[in-house]
Amino acid sequence: MRWEVTDALPGDAAPLARLIGEWVRETGWMPVLHTGKENEAFVAGLLETHVLRVARSGPDRLGFLARQRGRVQALHVAAGARGLGIGRALIDEVKASETEISLWVFQANSRAIAFYRREGFTLADKTDGAANDERLPDSRMIWSRTG
């Protein structure tokens, strides 16, 4: 499958919101807290305040990354597009422009944690989840160009 990474456009909000919703529904430990419209409003807000990059194959959105400088707010890849290098390509773009990257990941998300470790991220902090909407334990991971 051929794909490319481009800047997000306003018309991407609904398809990217669906990506988030699909991930939540496929993840047995993740509570469903938001409607599709709420996810769409979330992505629309990211479009206004973050750098939002989208992996596309024709009209299909395969994944996206939202960031503010070195802080990654969201990284999602569609189930059928995982393993194609999309997540790595999106993270590599951030690595190319930042000397340090930080992000939060749920501790139950072992697949994401393994991905970030392969990409050179290390554990910086853990919480019990009391401060996040989902009330799930999470971890802050960081990557630094200096190691």
- Message: Would you say I86 ends up clustered with V105 if hydrophobic residues are merged whenever their side chains have heavy atoms under 4.5 Å apart, either directly or through other cluster members?
- Response: yes
- Query: Is a side-chain donor or acceptor of E38 paired with a backbone partner of T35 at a separation under 3.5 angstrom?
  - Reply: yes
- Message: Tell me whether V54 shares a hydrophobic cluster with L9, the cluster being built from Ile, Leu, Val, Met, Phe, Trp, Tyr side chains joined at under 4.5 Å.
- Response: no
- Message: Atom CZ of residue position R88 - does it have more than 12 heavy atoms of other residues, nucleotides or ligands inside 6.0 Å?
- Response: no
- Task: Take I91 and L65 through the side-chain contact (heavy atoms from CB on, under 4.5 Å) test and state the conclusion after the steps.
- Result: CA-CA 8 Å; I91 284 289; L65 183 144; 3.9 Å; yes
- Query: When rounded to the nearest 0.5 angstrom, what is the spacing between CD1 in I101 and CE in M141?
  - Reply: 12.0 Å
- Message: On a heavy-atom basis, which atom in F115 and which in G87 lie closest, and how many Å separate them?
- Response: CZ-C, 3.5 Å
- Examine distances only and state if a side-chain atom of R145 and a backbone atom of K95 form a donor-acceptor pair shorter than 3.5 Å. yes
- Message: So, using ring-ring contact (aromatic ring centres under 6.0 Å, His included) as the criterion, who are the partners of F42 when residues are at least two apart?
- Response: none
- Using the salt bridge (Lys or Arg N to Asp or Glu O under 4.0 Å) rule, collect all pairs that involve residues 8-21, keeping only residues at least two apart or in two chains. D12-R56, D12-R61
- Task: Could you list the residues that satisfy side chain to side chain donor-acceptor pair (under 3.5 Å) with D138, not counting sequence neighbours?
- Result: T127, N132
- Message: In terms of relative ring orientation, are F106 and W23 parallel, tilted or perpendicular, with 30° and 60° separating the classes?
- Response: parallel
- Query: What distance separates N39 CG from I20 CD1, expressed to the nearest 0.5 Å?
  - Reply: 5.0 Å
- Closest heavy-atom pair and its distance - S102, I142: CB-CG2, 3.8 Å
- Note on the structure: Residues S139 and L123: closest non-hydrogen pair is CB-CD1, 3.5 Å
- Sequence-distant partners of W104, ring-ring contact (aromatic ring centres under 6.0 Å, His included), two or more places apart: none
- Decide whether V5 and L84 are clustered together by the hydrophobic rule: side chain heavy atoms of Ile, Leu, Val, Met, Phe, Trp, Tyr closer than 4.5 Å, transitively. yes
- Taking all non-hydrogen atoms of both residues into account, name the closest pair between V43 and A13 and its distance. CG1-CA, 3.7 Å
- First locate atom CZ of F64, then atom CG of L52, and finally report the distance between them rounded to the nearest 0.5 Å. 6.5 Å
- Stepwise side-chain contact (heavy atoms from CB on, under 4.5 Å) test for Y116 and L75: CA-CA 11 Å; Y116 292 126; L75 172 57; 3.5 Å; yes
- Not counting sequence neighbours, which residues clear side-chain contact (heavy atoms from CB on, under 4.5 Å) with P31? List them please. L33, E134, L136
- Task: Check step by step if side-chain contact (heavy atoms from CB on, under 4.5 Å) holds for W3 and D60.
- Result: CA-CA 9 Å; W3 50 270; D60 298 325; over 6 Å; no
- Run the numbers on Q68 and Q73 for side-chain contact (heavy atoms from CB on, under 4.5 Å), then give the verdict. CA-CA 7 Å; Q68 284 182 316; Q73 177 68 36; 5.9 Å; no
- Just wondering, are more than 12 heavy atoms of other shown residues or ligands nearer than 6.0 Å to CZ in R140? yes
- Exercise: identify the closest heavy-atom pair between G120 and W143: O-CD1, 3.7 Å
- Query: Given side chains that start at C-beta, do those of V24 and H34 come closer than 4.5 Å, heavy atoms only?
  - Reply: no
- Note on the structure: salt bridge (Lys or Arg N to Asp or Glu O under 4.0 Å) pairs touching residues 67-78, sequence neighbours excluded, are R67-E98
- Task: Quick one: closest heavy-atom pair of A8 and L47, and the distance?
- Result: CB-CD2, 3.5 Å
- Item | ILVMFWY cluster, I113 and L90 together (side-chain gap under 4.5 Å) | yes
- Message: Would you say CD of E26 has more than 12 non-hydrogen atoms from neighbouring residues, nucleotides or ligands within 6.0 angstrom?
- Response: yes
- Item | same_hphob_cluster(L16, V94) at 4.5 Å side-chain heavy-atom cutoff | no
